2 protein chains.
Amino acid sequence: MRQDHRLSRMLHVLIHLDRHRKHATSEEIAEMLRTNPVVVRRTLAGLRKAGLVASEKGHGGGWRLARGLGEITLRDIYTALGEPPLFAIGNAQDNPVCLVEKAVNSAIDHTLEQAQALMMDRFATITLADIAADFDKRLLDYPVEARRFGHVRDHDKTGS
Amino acid sequence: MRQDHRLSRMLHVLIHLDRHRKHATSEEIAEMLRTNPVVVRRTLAGLRKAGLVASEKGHGGGWRLARGLGEITLRDIYTALGEPPLFAIGNAQDNPVCLVEKAVNSAIDHTLEQAQALMMDRFATITLADIAADFDKRLLDYPVEARRFGHVRDHDKTGS
DNA sequence: GCCACATGTAACAAACAAAGTTACAAAATT
DNA sequence: AATTTTGTAACTTTGTTTGTTACATGTGGC
């Protein structure tokens, strides 16, 4: 199955938009995500409609956060993306009259609903500020770790 | 995204294999699932390797259960299918050096792992016998319900 | 032994959704 | 007016499940 990476990507972008540059064009963001500016606009468009980011056209234009990281949960972003399907497994509807199929699907649905509730609950709890704090922690730990292998020189290197 | 319906389909087949016919050819099963016999063989092959079903060639051959419904959990079937991906969302790996991406992916992974643990736990708890019991219950309730709408005449109609 | 039946499997085609691309319109700044 | 940048439609590519075709292998009945 082909996975939807938009949630992950949007978290990535929004945190960069707070930590590294308050303003970035689709082009710059696309470079960061190693993708195409149109993909960036298309995906960020959903977040704009939800009031999470704002965009400006023309010279000096681009994208910026419309709220603080502490005011954006993963749930907000998931919703802004149109609540894409969470699961790669699902019910077959091969014979809608069959009562065996109904019983089977009911059992699977019940489990999926529980898992979905758990995920929505977790997503609603986690803010971008939480993830940014984890990033800050990694930033402090990383060079110490990396110097042992001789990979990094600058203490403030972030990776992208 | 395109969902994997094999788990649902296999539950469906195995319960029919207990409740309605102890023996069925790929052709007959394919008709029930409204699909192709080769798809049936391909999918049931995994269950055979796991010892859940047995197959016989030639005249009077076909598929049958190798264990009782009470000895088969949803988890067993999920495993027999090769543990296909559960989630339709996942982490982007656009810039493996970026510490922001690492922090983001760590947060998402953590949630997905919790959800996966919950699902595996539920699947391990539910046996095919449980679902078959639910089917039996629906079989009793269904005609009463349906007669109000004039859809069914026979009390023992199962649907497929 | 031969034939019909059934599984076993490889190889390929179709279907579908996310991601990527191209093209151009619209708006804002210089 | 020229340039930059977003906005969006239309199309292509890609990856995965499902479906199909073709044929080999094994089994039982006559």
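The sequence lines fix the lettering, A, B, ..., with proteins before strands; numbering per chain opens at 1. All figures in this text were calculated on a predicted structure; none of them were measured in a lab.
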**Protein-nucleotide distance (B/Lys57, atom NZ; D/dC23, atom C1'), rounded to Å** = 13 Å
**Message:** Between C1' on D/dG19 and CG on A/Asp94, what's the gap in Å once rounded to a whole number?
**Reply:** 13 Å
**Message:** Counting only side-chain nitrogens and oxygens, does A/Arg6 get under 4.0 Å of the OP1 or OP2 atom of C/dA17?
**Reply:** no
**Fill in**
Looking only at D/dT18, C/dT21, C/dT7, the nucleotide nearest the A/Asn36 side chain is C/dT21
**Ionic contact status for B/Lys102 with A/Asp134, cut-off 4.0 Å** = no
**Request:** Please state how far atom CG in A/Asn91 lies from atom P in D/dT18, giving the value in whole angstrom units.
**Result:** 13 Å
**Asked** In terms of side-chain heavy atoms, does A/Ser106 have a donor or acceptor partner in A/Asp109 at a distance below 3.5 Å?
**Response** no
**Message:** Please tell me if B/Thr35 has a side-chain N or O lying less than 4.0 Å from either OP1 or OP2 of D/dG19.
**Reply:** yes
**Request:** Taking all non-hydrogen atoms of both residues into account, name the closest pair between A/Val104 and B/Ser8 and its distance.
**Result:** CG1-O, 3.6 Å
**Fill in**
Whole-Å distance, A/Leu44 CG to D/dT6 P, equals 10 Å
**Message:** Please find the pair of heavy atoms, one from B/Ala132 and one from B/Arg19, that lie closest to each other, and give the distance.
**Reply:** CB-NH2, 3.6 Å
**Phosphate OP1/OP2 of D/dT6 contacted by A/Ser26 side-chain N/O (<4.0 Å)** = yes
**Residues touching DNA chain C, which here means a heavy atom under 4.0 Å, drawn from residues 59-69 of chain A** = A/His59
**Interatomic distance where CG belongs to B/Leu86 and C1' belongs to D/dT16 [whole Å]** = 16 Å
**Message:** Let's see if you can work this out: which of D/dT8, C/dT7, D/dT5 has an atom nearest to the side-chain heavy atoms of A/Arg48?
**Reply:** D/dT8
**Item:** Interatomic distance, A/Glu31 CD vs C/dG20 C1' [rounded to whole Å]
**Value:** 16 Å
**A/Arg42 side chain, from C-beta outward: closest of C/dT7, C/dG20, D/dT5** = C/dG20
**Prompt:** What's the closest nucleotide to the B/Pro85 side chain, out of D/dT18, D/dT17, D/dT27?
**Reply:** D/dT17
**Request:** Compare side-chain N and O positions of A/Arg41 against OP1 and OP2 of D/dG7 and report whether any pair is under 4.0 Å apart.
**Result:** no
**Phosphate-side-chain proximity, B/Ser55 and C/dG8, N/O vs OP1/OP2 below 4.0 Å** = yes
**Message:** So if I take residues 71-81 of chain A and measure heavy-atom distances to DNA chain D, which residues fall below 4.0 Å?
**Reply:** none
**Message:** Take a 6.0 Å sphere around CD of A/Glu56 and say whether it holds more than 12 heavy atoms from other residues, nucleotides or ligands.
**Reply:** yes
**Message:** Under 4.0 Å, counting only non-hydrogen atoms across every strand here, what does A/Asp4 touch: a base, just sugar-phosphate, or nothing?
**Reply:** sugar-phosphate
**Request:** Could you label the plane-to-plane angle of the B/Tyr78 and B/Phe123 rings as parallel, tilted or perpendicular, counting under 30° as parallel and over 60° as perpendicular?
**Result:** tilted
**Message:** Pick the closest DNA chain C nucleotide for A/Arg34 and for A/Gly58 by heavy atoms, then say which residue is nearer the 5' end.
**Reply:** A/Arg34
**Prompt:** Between A/Arg75 and A/Asp121, is there a salt bridge with N-O shorter than 4.0 Å?
**Reply:** no
**Asked** Can you check whether A/His5 and B/Phe87 have ring centres sitting under 6.0 Å from each other?
**Response** no
**Request:** Please report, rounded to the nearest Å, how far the P atom of D/dG28 is from the CD atom of B/Glu56.
**Result:** 8 Å
**Request:** Starting from P on D/dT18, measure out to NE2 on B/His5 and report it in whole angstrom.
**Result:** 7 Å
**B/Leu128-B/Leu81 co-clustered via ILVMFWY side chain contacts under 4.5 Å** = yes
**Asked** Can you get from A/Leu17 to A/Ile126 by hopping between Ile, Leu, Val, Met, Phe, Trp and Tyr side chains that sit under 4.5 Å apart?
**Response** yes
**Of A/Glu27 and B/Val38, the one whose closest DNA chain D nucleotide lies more 5'** = A/Glu27
